Amino acid sequence: MRTFRATRTTRIVAASVAAGALALGAAACSSGSSGTGSANGGATSSTSSAAASGGASGTAMADAPFGSACATVPATGAGSFDGMAQAPVATAASNNPALSTLVTAVKAAGLVDTLNSAQNITVFAPDNAAFAKLPKATLDKVLADKAMLTKILTYHVVGQKLTPAQLGSGSYPTLEKQSLTTAGSGTSYTVNGTAKVVCGNVRTANANVEIIDTVLMPPS
């Protein structure tokens, strides 16, 4: 009888200890799992958020047009940055009011199809103010001389898409066969040491466009 009671008591105590141990283990696992999940989840969420915001912001900054003259580009429509990005470069330029003189010159030289069909090029595009710096007699003479006009315009075209980083310091062959040089940093760049990029990194369907404030003249 005593043996039975002792055995029964032992079993009850053992069962109670085991149940307590299981409860403590479950609580510890639950707490550890929750803490780890929270820490990992928080880190993941924070990292994702930082990547989405910092990465997107960095990309947007790298891809965005820059420069004082960008404010003159229409906010909407075919002549806007979004609109120009959908069209080949000569067509895109024709939709931008600030490039109307350049477009007139491109048409006079018969280069519309050449520029629109070229792939992965960079066009250093003089704005209307750049052409206005030329004496009227000089501009009229150039527009009337197709060979000279073609030479000048093709000197503004590089046969690769240049990024802002590449504009920092480089020498690049043009379609005219002679090279131009670029220099600068941040949002301040020059071409051949004189022409300033006033609205850079403008995208079109087949080209990057750097709008400049001076017409470039081939060295010879």
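Basis for what follows: all heavy atoms, side chains included, without hydrogens, waters or symmetry-related copies. Worth saying up front: this structure is predicted, and the values here are computed from it rather than measured.
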Ala92 versus Thr204, closest heavy-atom pair with distance: CB-CG2, 3.7 Å

Leu149 to Ala108 - nearest heavy-atom pair and separation: CD2-CB, 3.7 Å

4.5 Å side-chain heavy-atom contact, Val142 and Phe131: no

Heavy-atom pair with the smallest gap, counting every atom of Ser179 and Tyr155: O-OH, 3.1 Å

For Lys136, all residues meeting side chain to side chain donor-acceptor pair (under 3.5 Å), sequence neighbours excluded: Asp140

Min side-chain heavy-atom separation Asp127-Leu102 under 4.5 Å: no

Within one Ile-Leu-Val-Met-Phe-Trp-Tyr cluster: Ile211 and Val157, side-chain cutoff 4.5 Å: yes

Donor-acceptor pair, side chain of Thr214 and main chain of Ala195, under 3.5 angstrom: no

Beyond-backbone contact of Thr104 with Lys107, side-chain heavy atoms, under 4.5 angstrom: no

Exam field: side chain Asn206 to backbone Val89, donor-acceptor pair closer than 3.5 Å: yes

Distance-minimising heavy-atom pair for Pro88 and Ala205: N-CB, 3.9 Å

Passing option when Ile212 is tested against Val191, Thr190, Thr194, Asn192 for side chain to side chain contact (heavy atoms under 4.5 Å, CB included): Val191

Near-ring test Tyr189/Phe66, centroid separation under 6.0 angstrom: yes

Short side-chain to backbone donor-acceptor contact, Glu210 and Cys199, under 3.5 Å: no

Side-chain donor/acceptor of Thr154 to backbone N/O of Thr150, under 3.5 Å: yes

Spacing of OG1 belonging to Thr174 relative to CZ belonging to Phe124, to within rounding of 0.5 Å: 10.0 Å

Val209-Leu180 co-clustered via ILVMFWY side chain contacts under 4.5 Å: no

Residue pair Thr122 / Asn208, side-chain donor-acceptor N/O under 3.5 Å: no

Exam field: side chain Tyr172 to backbone Gln166, donor-acceptor pair closer than 3.5 Å: yes

Separation between CG of Leu153 and CG of Leu216, rounded to the nearest 0.5 Å: 10.5 Å

Residues His156, Val215; criterion side chain to side chain contact (heavy atoms under 4.5 Å, CB included); working and verdict: CA-CA 9 Å; His156 288 74; Val215 177; 4.0 Å; yes

Donor-acceptor under 3.5 Å (Gln86 side chain, Gly83 main chain): no

Lys133 atom NZ: more than 12 heavy-atom contacts under 6.0 Å: yes

Separation of Leu162 CG from Ile121 CD1 (nearest 0.5 Å): 11.0 Å

Identified side chain to side chain contact (heavy atoms under 4.5 Å, CB included) counterpart of Val106 within the set Thr114, Val112, Asn116, Val123: Val112

Validation row: Met217, Ile152 side chains within 4.5 angstrom (heavy atoms): yes

Minimum side-chain heavy-atom gap Asn128-Ser100 below 4.5 Å: yes

Minimal non-hydrogen separation, Ser117 against Asp113, with atom names: OG-O, 2.7 Å

Closest contact, heavy atoms only, Lys151 versus Pro218: O-CG, 3.9 Å

